[in-house]
Amino acid sequence: MTTMEELSTPARITWCPGCGNYAILTAVKRAIVELGLRREEVVAVTGIGCHGRMTNYIRVNGIHVLHGRVLPVATGIKLANQRLTVLGFAGDGDAYSIGMGHLSHTARRNVDVKYIVHDNLVYALTTGQTSPTSEPGFRTRSTPRGAYEQPINPLLQALASGASFVARGFAGDVRHLTMLLKEAIRHRGFALIDVLQPCIVWNRVNTYEWYRERVYKLEEEGHDPHSLEEAYRRAVEWGERIPIGILYREERPLYHEHFPPLRRGSLAFQPLKTPDLTPLLEELS
Amino acid sequence: MTTMEELSTPARITWCPGCGNYAILTAVKRAIVELGLRREEVVAVTGIGCHGRMTNYIRVNGIHVLHGRVLPVATGIKLANQRLTVLGFAGDGDAYSIGMGHLSHTARRNVDVKYIVHDNLVYALTTGQTSPTSEPGFRTRSTPRGAYEQPINPLLQALASGASFVARGFAGDVRHLTMLLKEAIRHRGFALIDVLQPCIVWNRVNTYEWYRERVYKLEEEGHDPHSLEEAYRRAVEWGERIPIGILYREERPLYHEHFPPLRRGSLAFQPLKTPDLTPLLEELS
Amino acid sequence: MVCIGIKDETISFLIGGEAGQGIMRSGSLLGRALMRGGLHIFGVNDYPSLIRGGHNFYILRASEREVYSQGDGVDLLIALNDESIELHINDLYPGGGVIYDEEGKLDPRELRGDVKTYPTPLTGIVKEIGGPRVVRNTAALGVALSLIGFNPETMRGVIRDTFKGREGIIEMNIKALDRGYEYAERNFEGLGCRVETSKSRDERIMVTGNEAIALGAIGAGCRFYAAYPMTPATPILHYLAAHDEEAGMVVVQPESEIAAINMVIGAAYAGVRAMTATSGGGFCLMTEALGLAAMTETPIVVVINQRPGPSTGMATYTSQGDLLFTIHASQGEFPRVVVAPGDVDECFYLTMEAFNLAERFQIPVIILADKYLAESHRSTRPFDPSRVGIDRGELLTEWSGDEEYRRYRLTESGISPRIIPGIEGATMLANTNEHDEYGFATTNPEMVKAMMDKRFRKLKALRREIERLNPVRVYGSEEAEATIVGWGSTKGPALEALRMLEGEGIKARFIQVVYLEPFPAERVEELLSGDEPKLLVEMNKTGQLGSLIKLHTGVTLEHRLLRYDGRPVNPGQICNAIRGVMR
Amino acid sequence: MVCIGIKDETISFLIGGEAGQGIMRSGSLLGRALMRGGLHIFGVNDYPSLIRGGHNFYILRASEREVYSQGDGVDLLIALNDESIELHINDLYPGGGVIYDEEGKLDPRELRGDVKTYPTPLTGIVKEIGGPRVVRNTAALGVALSLIGFNPETMRGVIRDTFKGREGIIEMNIKALDRGYEYAERNFEGLGCRVETSKSRDERIMVTGNEAIALGAIGAGCRFYAAYPMTPATPILHYLAAHDEEAGMVVVQPESEIAAINMVIGAAYAGVRAMTATSGGGFCLMTEALGLAAMTETPIVVVINQRPGPSTGMATYTSQGDLLFTIHASQGEFPRVVVAPGDVDECFYLTMEAFNLAERFQIPVIILADKYLAESHRSTRPFDPSRVGIDRGELLTEWSGDEEYRRYRLTESGISPRIIPGIEGATMLANTNEHDEYGFATTNPEMVKAMMDKRFRKLKALRREIERLNPVRVYGSEEAEATIVGWGSTKGPALEALRMLEGEGIKARFIQVVYLEPFPAERVEELLSGDEPKLLVEMNKTGQLGSLIKLHTGVTLEHRLLRYDGRPVNPGQICNAIRGVMR
Ligand SMILES: Cc1ncc(C[n+]2csc(CCOP(=O)(O)OP(=O)(O)O)c2C)c(N)n1
Ligand SMILES: Cc1ncc(C[n+]2csc(CCOP(=O)(O)OP(=O)(O)O)c2C)c(N)n1
Ligand code: SF4
Ligand code: SF4
Ligand SMILES: [Mg+2]
Ligand SMILES: [Mg+2]
């Protein structure tokens, strides 16, 4: 059994003390431990941003990729080796700004990867600019008079794109977040978990306190995660009350199940020998 | 008054005879004529695909741009000169595959451009590959066993992104399409018109006949385009019955209204003189 | 076996018509039939980026000897519409012939008096047999076969194989073929050319550059292919999608080129051989991830089929305008391989080599072809993948070590053994940020320098390996009076030019630079050291290979034949230019 | 005015601490104060890409004479934590001093005996005055000012201006400053350096490269700026967003770099001057649209602030690794300008020139800077935009013609007059496809060639114009015994090196290539024709300017000082290297 210890790395953690990312890191490790996954069978893919350092801090296979490109890399990994548990970590800028297009497509394909978005409603690593999830009026260094765009609603986007598992977590509640992660990993298919992650430096509005006053748990209010209509209704809630928990889940065919060559097992461990091309060449004669 | 004649160009039209694009071209010209727009005040922006030749065939200002990039170019034009009527023309591959991310962002910003998508459910110009709107099972040269991804629902995507005008047209009904175009141009804000456009060469499934058996007009069924919930309900209809018409419209602030420099008029016609930098330089002293 | 053309031992056909009229299909039917008849063939198409309405044509050239490219003119024009007569009548050699539909308005006799004319009731035949308009083409092919005295039975076989399973189509085409053939037998005298079927012949395939690259990938054990459609690389996607089961390959059409290359990197990271293909515009979108592959040392193969730019340019024409871009693409500096095949065989074998180089050196390898090569047909011997074989380099499939695995171990060779994620006892951290041996991000100046040096150390063995792969190939006369220098698809026209020059008694030579990065400077310098006149031939405006040669060897190639209108260089153009420089 | 450092007439401070401790702010306060005191200053920061926890430092160098870069050591170390003592104690010149918090654990005296130490109760002072921990910095600045005998009133003024409107912060900082100052006056002897405020002085501003570029854009009448945040170009976005009203500029943060450049093209097409900025990774995503700008002949300006690659590399460090990429980026071939400013003045004036070149020649212009230049502070004379002025080239604001307007008229100069869409009587068709004079798509070979030739014809006048703009600048001795060759931000260290060498009696010269594309080959060749030893200085691994020089002039620069660990070259390194090559 994997232990929390084994999942730690010697890299010094450089997140600000109090950053919501710590909670996400802990929850991910706990989920791996509690699900009894072997660390060698897990791959973490991270985008660029504060969240991107996850790969430095968790001792599973990791690939730290380009800004916004977590999902295509994760898709490639899953198709090459469907036995791996593939976790993608992205920021709100990463996932919903530059990487937005990939979300719709990965969701509709139902690629069996889990997408954990560290949503702090701001560009943190680049020292505080507006993000697609920034609330209107939010002052940043790129919007000194306040953000003026209507924000992206990630949950709505995921639902509209056909995501088969849509959830929201809160970095102020590690235990709940761990539960969500475990459910997402258990889920057969694409899963988005948008995690409300306080950034204590660049977002002084959406703080732990701000969230604590607002979040409530869907599972405590009898929400039916199998109802798409219900899910849409909950997805637009934001303000006085903010739901966390699983908004929606459904089972449908997995992307990698469509490819005949994968029926023989993972590509990555199929032996590589010079093939006999004769049948193909005969077609051309 | 602009006439249909004046809107024609000497370029030889190279679409296949019977292609749905002809109807779109006609409807656009008619809408311009019927709205009494001056051709010099209209700009057409086209992506890459069969639809992309629109700029060759209509004598307004035009810029034929890169695959998938109609919306950012259109946004730049609108911000530089808000007096122009900016029409974007894209294909389904253009708009919903490579260009998907721009749709969400342009919609949420409510940039005052009109986005007309020639949706033929296939990549036509590149000789027949699957598109994000291809129906499951649709055989193409890139999916010989049939498309296996759940399609993108463009209307749902636009609604989820906060588009202030969402409509669907059909190239088999020029008069109705003209009406939609006029409404979209009159609408203050971003407008998506997804146009069902039969491609007679690469899509032998979703033909004129196929659509004629299925489409019905929202305005004939008492649909309330001001209800978001109603709009969502109509957006998911596809199969036996396919709605055309205006699904949703709402008025909200325009993107270009947020920028103080635009209050002085269009940037493009503000005189350009060497400015006095003294106040800015003093801040640095 | 006999083949006599009007001008030489080759015979050329030009089939012209509108887009959508099946021109390419007819060209390849004819090509395959002649190949099965024992000839070598070369076929090139020319079409605008339109589905209908534009003018298309296909030139098929055949001979008993190998043919490397189109010639300067044609023997027989098969004009399926008036426009084709107008546009191509002057491509005919004096004494050539034109097959055309009686029903057309244009009479070729009024345009040129020195060619033979074969007015045929093509529309009439189609009506008679009740076929679709497109089988006019096949009727015209029947006429053509009769005119050159070629046994139509071979063509019948080709038709049966091509349309296998679609009996109606087969029947209709064979009928049209036979009617055309019979009509010509009855009404026309032969063209004066003669092509006979030989009985014994080498095994041969007819293949495009794209197909050869796709086969090379299959031969190399590539297991993952993701590509966004882009002319002229899309046929690779079509081929692989149609053969994914046989190839054991996952073939994906993702949402963009950015997604494509990032998927490929993901798959390669996870341990499989992976490839993508595109053209220049799509490659632009891949440049950022090319750097990711380099920094993470993930082996990938990228095919670029060039077409004329800038920007969208002309999607269906040819160019060699992306060489320097390809060599320098992406921010920062890193070793990469850029290799440019010159014919279908090289498309196959160099693609196989590309995978070995990528994995052995853990670098991105770019195969740089162009529309002309990618979409032209050639006949050749069946490919033999065992000639190259598979070498995956330092790939660990198990980890016994007591120590922690270090993805970026600082080794003398610069190559750090990879593992396949999922094996027991080790995990692998790949990092887009500069990193230490374990893959953890670092900004420590010594480590940063050490990692950059490590990556560049690979160049030493890489250069040696490339030398071994014969990076510069020389054709023609040892004691050349003139030298042609080029790369990529100009190889075909250059080899044809050598033959023509030889015929004129001029001893010339062609130097083909195959591996362009790392540049085989010594070898090129050595080859260019003679003082015979030299002609640089490229399909671009600025002479990009010329720049590389200047940079790496100091040699300035002053004489240049640069063509940048999207059309391939013709052998005759090269000969003219050579004559020019020899004066 | 007097300024005496330990080593020379400059004085250097290094302020070190953790990320998030306000190190850069303190550095710029000190810089501004010294500038207002009549000195020239240069300030450079060093920080990892982390918001908290990494080590940061800022080096501020000042003198009565102009300072072009950091020196090789520092006079005074202001260590805000133990790590800073550890890491930087050896940067001190013998006889230098270190200010540190009494409460720290490390005693600098145990590390080095030849420096003066100033243990100060920084934490104590902060506690006493009830301020936040970050004002320790200001207390330390108070100590520093006392040690060099600099009047604290100037600093009080700077504090008041910097925190204008935030009275509490001003008060707290002034208190801390004064406490530190008084503590030092009472307890320490001076450092032995002396800096006095002069009364009369030139007007001067303290500005970063980024600010200078932003001001250059405003000065040029740029009306549209779209940029996606990317270190080290983001400060341009911050500056312009904060000054959009004064500048009359629309400032947008779009969803990606792809969106950014395409918006810029849209705005420029519609008739306004427009710019974007990014770093290498973001530029990768812009390469496709760079070609679109070229093909449509839409004038745009793109700023690239380089940082070390490949890939994400090190976001907050410096590099000159993207030169060849920038010159060749995008498929196909087209004229472009690449210009590399070497200091803040050039950042301003060359940015203004960039807009004129872009509009006059209807091409993309790339400004290639790097983190070191973009984020370092320098004092200079206030910029004067009228020195460059605005020249929009052939831009028609009305159309009288009876004929149809032709966007791509085939002119002798290659430049086709543009219109602003919206004017009466004419519409404009721009096209990513190859096109005819009206902008309609074409594949006609003659037209294709004519259009390519038209675009390239611009090069003639462009080259002439660039000659006029002094594309290669020479500093130092006329009869040089040694020559330094470089580009971009190495200018600063090179100029410092010239001074140092002069001090040693070595006559040296620095050749700065400012315009890199089109390359000013003749001028460079002429300048390199002497046989004194020459040293190429670049912040990359492969010597990319060296390659350009080789390519365009045939000259091989064999001696190279190449630094690629993300840190700027130091003047002393250059001097050493020069001494090496002179041996
Ligand atoms: C192509 C590209 N553009 C821009 C950047 C610069 N960049 C680094 S992180 C980041 C966004 C950070 O915001 P977010 O994704 O929300 O992550 P956070 O830091 O908030 O966790 C950006 C724009 C980059 N690395 N690559
Ligand atoms: C970056 C880039 N990738 C790929 C292409 C090739 N391409 C041209 S059109 C097209 C898609 C056509 O499909 P769609 O957008 O639906 O337009 P249609 O032809 O169906 O109207 C593609 C992929 C391109 N031009 N640019
Ligand atoms: S800046 Fe914000 S997101 Fe980044 S580490 Fe600090 S608190 Fe966390
Ligand atoms: S291929 Fe299809 S979309 Fe393109 S012109 Fe023909 S019918 Fe229209
Ligand atoms: Mg964020
Ligand atoms: Mg389409």
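Every chain is numbered from 1, with letters handed out A, B, ... down the list of sequences.
- Neither the backbone nor the side chain of F355(C) comes within contact range of chain A; no heavy atoms are under 4.5 Å apart.
- For F269(A), the part sitting under 4.5 Å from any heavy atom of chain C is the side chain, from C-beta outward, and nothing else.
- Contacts of L281(A) with chain C are made by both backbone and side-chain atoms, with heavy-atom separations under 4.5 Å.
- A donor atom on one side chain and an acceptor atom on the other are found under 3.5 Å apart for T427(C) and R39(A).
- Of all heavy-atom pairs spanning N56(A) and A441(C), the tightest one is OD1-N, 3.2 Å.
- The residue among V388(C), T162(C), V251(C), I419(C) with the most heavy atom pairs within less than 4.5 Å of chain A is V251(C).
- The distance from the CZ atom of R59(A) to the CG atom of L429(C) is 11.5 Å, given to the nearest 0.5 Å.
- Of the listed residues (D244(C), I423(C), D436(C)), the one with the most heavy-atom contacts under 4.5 Å to chain A is I423(C).
- For the atom pair CG of L79(A) and CZ of R223(C), the computed distance is 14.5 Å after rounding to the nearest 0.5 Å.
- Here the straight-line distance linking atom CD1 of I63(A) with atom CE of M428(C) works out to 7.5 Å at 0.5 Å rounding.
- For the set R83(A), H256(A), E41(A), E283(A), the count of heavy-atom pairs under 4.5 angstrom toward chain C peaks at E283(A).
- A donor-acceptor pair under 3.5 Å links the side-chain atoms of E40(A) to the main chain of G425(C), judged by distance alone.
- Atom CG in L280(A) sits 10.5 Å away from atom CD in E211(C) (nearest 0.5 Å).
- Screening N262(C), L292(C), I261(C) against R69(A) for a side-chain contact (heavy atoms from CB on, under 4.5 Å) leaves a single residue, N262(C).
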Which is it for S256(C) and H105(A) under the side-chain contact (heavy atoms from CB on, under 4.5 Å) test, yes or no, and what are the steps along the way?
-> CA-CA 10 Å; S256(C) 66; H105(A) 290 281; over 6 Å; no

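- At a threshold of 4.0 Å, the pair E255(C)-R109(A) counts as salt-bridged, since one of the basic side-chain nitrogens sits closer than that to a carboxylate oxygen.
- Atom OH of Y269(C) and atom CG of N61(A) lie 4.5 Å apart (nearest 0.5 Å).
- If you tally non-hydrogen atom pairs under 4.5 Å between each of M263(C), R273(C), E245(C), M249(C) and chain A, the highest count goes to M263(C).
- L284(A) has its side chain out of reach of M206(C): every pair of non-hydrogen atoms, C-beta onward, lies at least 4.5 Å apart.
- Note: I218(C) leads T298(C), I218(C), V207(C) in heavy-atom pairs under 4.5 Å with chain A.
- Residue contact with chain C, scored on non-hydrogen atoms closer than 4.5 Å, involves the backbone and the side chain of V65(A) alike.
- Here CG of L277(A) is found 11.0 Å from CD of E246(C). Values are rounded to the nearest 0.5 Å.
- Contact of Y405(C) with chain A is not made at all, since no heavy-atom distance falls under 4.5 Å.
- Top candidate by heavy-atom pairs under 4.5 Å with chain C, chosen from R264(A), R53(A), H258(A), E282(A), is R264(A).
- With a threshold of 4.5 angstrom between heavy atoms, R263(A) does not approach chain C through any atom at all.
- Looking only at side-chain heavy atoms (C-beta outward), F440(C) and P10(A) come within less than 4.5 Å of each other.
- Taking the side chain as every heavy atom from C-beta outward, V252(C) and F259(A) approach each other to under 4.5 Å.
- No part of Y438(C) comes within reach of chain A, as not one of its non-hydrogen atoms sits under 4.5 angstrom from that chain.
- When the shell of 6.0 Å around CZ of R252(A) is examined, it contains more than 12 heavy atoms from other residues, nucleotides or ligands.
- Counting non-hydrogen atoms of other residues, nucleotides and ligands closer than 6.0 Å to CD of E257(A) gives a total above 12.
- Counted by atom type alone, E288(C) and H67(A) present zero donor-acceptor pairs between their side chains at under 3.5 Å.
- Proximity to chain C (any heavy atom under 4.5 Å) is shown, for L71(A), by neither the backbone nor the side chain.
- Looking at every heavy atom in both residues, P385(C) comes nearest to P275(A) through CG-O, 3.6 Å.
- Both the backbone and the side chain of L66(A) come within contact range of chain C, each with at least one heavy atom under 4.5 Å from a heavy atom of that chain.
- The closest side-chain heavy-atom distance from T296(C) to H64(A) is not below 4.5 Å.
- Options G219(C), A220(C), A426(C), S386(C) differ in how many heavy-atom pairs under 4.5 Å they form with chain A, and the most are formed by G219(C).
- Neither the backbone nor the side chain of K78(A) comes within less than 4.5 Å of any heavy atom in chain C.
- No side-chain heavy atom of I390(C) sits less than 4.5 Å from a side-chain heavy atom of K273(A).
- Smallest separation of non-hydrogen atoms from A259(C) and P72(A): O-CB, 3.6 Å.
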